[in-house]
Amino acid sequence: MRTVEIRVPATSANLGPGFDALGLALSLYDDVEAALTDEAGVRVTVEGEGAGELDLGEGHLVVKAMRATFDRMGITQPSGIRLHCRNRIPHARGLGSSSAALCAGILAARALAEGEQLSEPGRFSDDDVFALATEIEGHPDNVAPCLAGGLTVAWYDHSGAPRMVKVAPDERIRPVVVVPATRLATETARGLLPKDVPHKDASFNAGRAALLIAALTQRPEPGLLLAATEDRLHQHYRAPAMRATANLVERLRAVGVPAVVSGAGPTILAFSTSDTQDLIAPEVGNDWHIQQMDVDPVGANVQFPETR
């Protein structure tokens, strides 16, 4: 029985104006240990986030992703799967927990299939991994940085295939996440978005998204980052579902902190610099957990324990 270990980072999508396109990998990780067994059935154990809540069988998201990968690779489903998950990424908070699980499952299935010589190495490429993860998740903005690390820009080409490019943000910019105790399902937040938006708002966000890439990759200037993180496409539409988040974003921005809703929320992402790092805590209060992070530069990591 061969075991593979997958480490996948938390991610923050949108980053304000980059709706469904921009994403950032963060230094907070879920670890998944997976193995194929001769014993029929699925056995899942979970530590940390989701322990006592998540399905421990076929309904577990990592298992579903593994099954989908074996199908896509044209491989007969294994008789048994064993998983142990050490989860640190908060669930339903806008930090990419579902994307992390999907990417972990797909990468685990590919690695085990190749390790057990059920498939030739390279037959299921990195592009195939990205495409399947995007297909299952529904959009690429979280799965791109989870797989590649860093700051990513994702889009669909003319054939409908997802594509991404990785950008290195300036190392002096430190992401800070402000996590509430409450949860919010992505489907709920996305359901609040209108089908159409004014042309002027779309134009505004296009300019701000381009400005944000410049602001994150050159010498950080708080004023530039504050302007670059303005959004008119999604955050105010979702505000009724997370009023405390919307109010805190407004307070942070009022004192000069470039703060946005992380993904679909309700977590807040702030870009901290030496000029703004001391401005965050006084605005937050006791109902939130503040955690300063680094940008994860690598993304998902795959290891076989015996080869480390």
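Source: prediction; values computed, not measured.
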Evaluate side-chain hydrogen bond (donor to acceptor under 3.5 Å, both in side chains) for R238 paired with T245, printing each intermediate quantity in order.
-> CA-CA 10 Å; R238 290 168 162 170; T245 293; over 6 Å; no
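- Following chains of ILVMFWY side-chain contacts shorter than 4.5 Å, one cannot reach L225 starting from L211, and the two form parts of different hydrophobic clusters.
- Shown are R110, K166, R163; of these, the salt bridge (Lys or Arg N to Asp or Glu O under 4.0 Å) with D126 is made only by R110.
- No single ILVMFWY cluster, assembled from side-chain heavy atoms under 4.5 Å apart, contains both L192 and V260.
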Stepwise, does the side-chain contact (heavy atoms from CB on, under 4.5 Å) test hold for T3 with H84?
-> CA-CA 11 Å; T3 300; H84 181 65; over 6 Å; no
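- Within the structure, ring-ring contact (aromatic ring centres under 6.0 Å, His included) pairs that include any residue of residues 130-185 do not occur (at least two apart or interchain).
- When all heavy atoms are compared, the tightest approach of A181 to R93 is O-NH2, 3.1 Å.
- In this structure, CG in L26 is found 10.5 Å from SG in C146, a value given to the nearest 0.5 Å.
- Both tests pass for R232 against the ring of F204: distance under 6.0 Å to the centre and angle within 45° of the axis.
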Using distance only, find each side-chain donor-acceptor pair of residues 94-109 under 3.5 Å and give its atom names and separation, not counting sequence neighbours.
| from | atom 1 | to | atom 2 | distance (Å) |
| --- | --- | --- | --- | --- |
| S98 | OG | E137 | OE1 | 3.4 |
| S98 | OG | E137 | OE2 | 3.3 |
| S99 | OG | E137 | OE2 | 3.0 |

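- The two residues V44 and H60 have their closest heavy-atom pair at CG1-CD2, 3.7 Å.
- Within a 6.0 Å radius of CD in Q292, other residues, nucleotides and ligands contribute more than 12 heavy atoms.
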Show your reasoning for whether side-chain contact (heavy atoms from CB on, under 4.5 Å) applies to L22 and D141.
-> CA-CA 6 Å; L22 299 184; D141 51 347; over 6 Å; no
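- To the nearest 0.5 Å, atoms CZ (R183) and OG1 (T188) are separated by 13.0 Å.
- Ion pairing of D30 with R86 is absent here, as no side-chain N (NZ or NE/NH1/NH2) approaches a carboxylate O to less than 4.0 Å.
- Inter-residue side-chain proximity for T152 and V165 is flagged as unmet; no heavy-atom pair is nearer than 4.5 Å.
- In this structure, E33 CD and Q303 CD are separated by 12.0 Å, a value rounded to the nearest 0.5 Å.
- Residues D157 and S159 bring a donor and an acceptor atom of their side chains to less than 3.5 Å of each other.
- Here the closest non-hydrogen pair linking G256 and T276 is O-CG2, 3.6 Å.
- Side-chain N or O atoms of R208 include one that pairs as donor or acceptor with a backbone N or O of A227 at under 3.5 Å.
- The closest side-chain heavy-atom distance from V143 to I136 is not below 4.5 Å.
- Within a 6.0 Å sphere centred on CD of E250, heavy atoms belonging to other residues, nucleotides or ligands number 12 at most.
- Heavy atoms of other residues, nucleotides or ligands lying less than 6.0 angstrom from CZ of R43 number 12 at most.
- D38 CG: 12 or fewer foreign heavy atoms inside a 6.0 Å radius.
- For the pair V295/P175, a side-chain contact is recorded, criterion being any heavy-atom separation below 4.5 Å from C-beta on.
- Remark: R72 fails to qualify as a cation-pi partner of F124 under the 6.0 Å distance and 45° angle criteria applied to the six-membered ring.
- Through direct or relayed side-chain contacts under 4.5 Å between Ile, Leu, Val, Met, Phe, Trp and Tyr, I280 connects to V176, V178, L184, M242, L248, V249, L252, V255, V257, V261, I268, L279, V284, W288, I290.
- For the pair R174 and E171, the tightest heavy-atom approach, listed with the atom from each and the gap, is CD-O, 4.2 Å.
- Between the CD atom of E114 and the CD1 atom of I75 there is a distance of 8.5 Å, given to the nearest 0.5 Å.
- Among pairs with a residue in residues 221-273, those fulfilling ring-ring contact (aromatic ring centres under 6.0 Å, His included) read F19-H234, at least two apart in sequence or across chains.
- Residues passing the side chain to side chain donor-acceptor pair (under 3.5 Å) test with S262 are S12, sequence neighbours excluded.
- At a threshold of 4.5 Å between side-chain heavy atoms, the hydrophobic network of Ile, Leu, Val, Met, Phe, Trp and Tyr places V302 and I81 in one connected group.
- When all heavy atoms are compared, the tightest approach of L15 to P17 is O-CD, 3.0 Å.
- Residues satisfying the side-chain contact (heavy atoms from CB on, under 4.5 Å) criterion with Q77, sequence neighbours excluded, are R67, F70, D71.
- Between R88 and D31, at least one side-chain nitrogen of the basic residue sits less than 4.0 Å from a carboxylate oxygen of the acidic one, meeting the salt-bridge criterion.
- Of the inter-residue distances, the one linking M293 atom CE with L28 atom CG reads 4.5 Å to the nearest 0.5 angstrom.
- L216 has its side chain within reach of I173: a pair of non-hydrogen atoms, C-beta onward, lies under 4.5 Å apart.
- Summarising the geometry of N205 relative to G16, their closest heavy-atom pair is ND2-O, 4.5 Å, with the distance given to 0.1 Å.
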Does the pair R172 and T273 meet the rule for a side-chain contact (heavy atoms from CB on, under 4.5 Å), with working shown?
-> CA-CA 7 Å; R172 289 164 291 192; T273 66; over 6 Å; no
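- D170 has its side chain out of reach of T217: every pair of non-hydrogen atoms, C-beta onward, lies at least 4.5 Å apart.
- At distances below 3.5 Å, not a single donor-acceptor pair connects side-chain atoms of D20 with backbone N or O atoms of P140.
- Follow the hydrophobic side-chain contacts under 4.5 Å out from L233 and you never reach L212; the two are in separate clusters.
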Candidate pair M66 and L83, rule side-chain contact (heavy atoms from CB on, under 4.5 Å), full reasoning = CA-CA 11 Å; M66 292 182 72; L83 287 181; 4.0 Å; yes
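- With rounding to the nearest 0.5 angstrom, the CG atom of D296 is 3.5 Å from the OH atom of Y29.
- Under the 4.5 Å side-chain heavy-atom criterion for Ile, Leu, Val, Met, Phe, Trp and Tyr, I213 and L224 are members of distinct hydrophobic clusters.
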